[in-house]
Amino acid sequence: MSAKVLTITSGKGGVGKTTATANIGAALAKRGQKVACIDADIGLRNLDVVMGLENRIVYDLVDAVEGRCRLNQAMIKDKHIPDLYLIPSAQTRDKTSISPSDMIRLCNELRSDLDWILIDSPAGIERGFKNAIAPADEIIVITNPAVSAVRDADRIIGIVEAEEKGSPRLLLNRLNPEMVKQNNMLSADDVVDLLAIHLLGIVPEDRAVLISTNKGTPIVLEEKSLAGQAYRNIAQRLLGEEVPLLDLDKGSGFFNRISRVFGSGEK
Amino acid sequence: MQAQEIEVKGIKNGILVEVKNGDWQTREDALLQHIDQNQGFFEGARLVVDVGNRALKSPDLASLRNALSDREINLWAVLSTSLVTERASQDLGLAIKVDQSFPEPEKDPINSLLDGDEAVFLKRTIRSGHKVKHLGHIVVLGDVNPGAELIAGGNIIVWGKLRGVVHAGAMGDTEAVVCSLDLSPTQLRIADKISVSPPRKGKPRPEIAQLEDGQVTARDWSKFTKE
């Protein structure tokens, strides 16, 4: 096995990097892949909270880099899905405690017995971001359909391209089809038109996402959630399968939409 | 005016200013005045000053360096045929030689086709946070996104959507134009005039912006070419 390193980044904070990392990781693991999620946001760790693993942390990323523990001691096994692991970040240190070359070394050590290494990047374009993209084979830029978030995503794409990491793929998060219809929100077309990169997936606005992150259970485990379905589709696309984008436009009721997604005739 | 006193050229890694013969103090004032008038162009630049055969002492060069750094310009090198000036430059840690193989636009047969000015050609999307500065023309094959900035001494042509900030004729050329397939810049400047795009009505069409009676005016390309 040689894992693929996938970094999830956005520039702007609060657009859903951590939630996306947790859910893409869970969705890939559910499909039988062996996945490690690394929280590269040193000093402001929260991937552990979103994955519901906070109380199992003994060692963290900085401990592993500085040699205070073996790498597998810092890997926390997920409680829901087998073959999903978390390497948490340190809460009491800052972003300068590790360097981009530390991250590359760490990922290379992990590669041999994993399928995927997902890195949750911190917001911003400084050291923490540089650490997160240094080992990446592929980068996902996540944004919301908001002008400020799209502007930052554009900046990030420029930096990623300048680092010769290849063209990143786009994840558009928290799209509200109703608001788009009323011309109160940028549409997916507007965003893709501006950023001009490949669209990996669209995750609709869904209250269930907030509830699931608070509970520490990934939304992909909820079969009925549309956002969960969107993340499951994204995982399939990452595995090279062709999955059409979810149809978010038509249908009024929630169950109506779900039944169409699954192609079932109920209701 | 300043043409007789100083001459500005783009070189490989910075901007070369040739200060013509005459009283140093007046020439220095003229140089700083020229920079102040073209702030957007010089800001953040590495400057090479060619003072000819003048003998300048460290305090003269230090005061020039300080005046430039107040304007966020980095004095990189002072070129001179005078040994006194060379020694003073070295004392201040300035370079006394720079890559002399600068692209000389006038001597280049390809560039001479373009009104004697050099142009840069960029085949990519210019994204937020990118700033492209060039003494000659700028041609972009791709989009210029909001948050990006193009500053040209000459004309700016964007074969794509123009949504960032552009400044054509940044050295004061009022004849400079900006053309784009979709001209919706955040801000458009020609020479010292500034304008913002009105909200677009209908489908984007290729347009050309230029100064008319001191106002930035955008016109439909198809109408422009029929005149």
Side-chain angles (χ1 to χ4, degrees), chain A residues 7 9-13 15 121-130 132-133 139-172 183-199, chain B residues 12-13 43-44 46 120-134 138-152 156-167 178 180-189 196-207:
Chain A
T7 297
T9 189
S10 69
K12 192 174 181 301
V15 297
S121 155
I125 52 174
E126 291 85 23
R127 177 67 168 270
F129 162 74
K130 296 260 156 64
I133 64 165
I139 292 171
I140 295 179
V141 172
I142 176 165
T143 188
N144 293 347
V147 175
S148 57
V150 173
R151 184 74 60 91
D152 287 0
D154 190 40
R155 177 98 173 86
I156 288 289
I157 295 164
I159 295 171
V160 169
E161 284 173 348
E163 301 248 337
E164 297 186 345
K165 287 281 179 190
S167 185
R169 287 202 267 183
L170 180 69
L171 197 168
L172 181 57
N183 269 331
N184 288 327
M185 189 181 260
L186 295 173
S187 71
D189 285 344
D190 294 336
V191 176
V192 172
D193 180 49
L194 184 96
L195 297 179
I197 58 171
H198 184 265
L199 180 64
Chain B
K12 221 176 195 172
N13 298 310
E43 204 180 77
R46 293 173 91 198
V120 286
F121 176 70
L122 303 157
K123 188 182 168 185
R124 58 185 160 94
T125 307
I126 313 296
R127 299 184 181 276
S128 174
H130 283 175
K131 188 170 184 176
V132 180
K133 266 191 199 179
H134 185 64
I138 299 178
V139 182
V140 179
L141 181 58
D143 295 344
V144 177
N145 283 355
E149 234 180 295
L150 303 181
I151 300 173
I156 295 175
I157 295 166
V158 178
W159 187 264
K161 303 182 192 85
L162 172 48
R163 297 188 262 205
V165 172
V166 287
H167 191 176
V178 177
S180 176
L181 294 183
D182 180 356
L183 188 71
S184 335
T186 311
Q187 198 187 81
L188 193 153
R189 303 181 208 148
V196 292
S197 314
R200 161 161 321 289
K201 298 174 217 109
K203 267 193 158 182
R205 303 174 65 88
E207 283 182 299

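Numbered from 1 within each chain, the chains take letters A, B, ... in sequence-line order.
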Within-4.5 Å side-chain heavy-atom neighbours: B:P146 and A:V150: no

Could you grab the distance from atom CD1 of A:I159 to atom CZ of B:R127, nearest 0.5 Å is fine? 11.0 Å

Does any pair with a residue in residues 141-152 of chain B pass side-chain hydrogen bond (donor to acceptor under 3.5 Å, both in side chains), and if so which ones, sequence neighbours excluded? A:D154-B:N145

Considering non-hydrogen atoms only, spot the tightest contact between B:S128 and A:R151 and give its length. OG-CD, 3.5 Å

Name the region of A:D152, side chain, backbone, both or neither, that has any atom closer than 4.5 Å to a heavy atom of chain B. neither

Any side-chain heavy atom of A:E161 sitting closer than 4.5 Å to one from B:R124? no

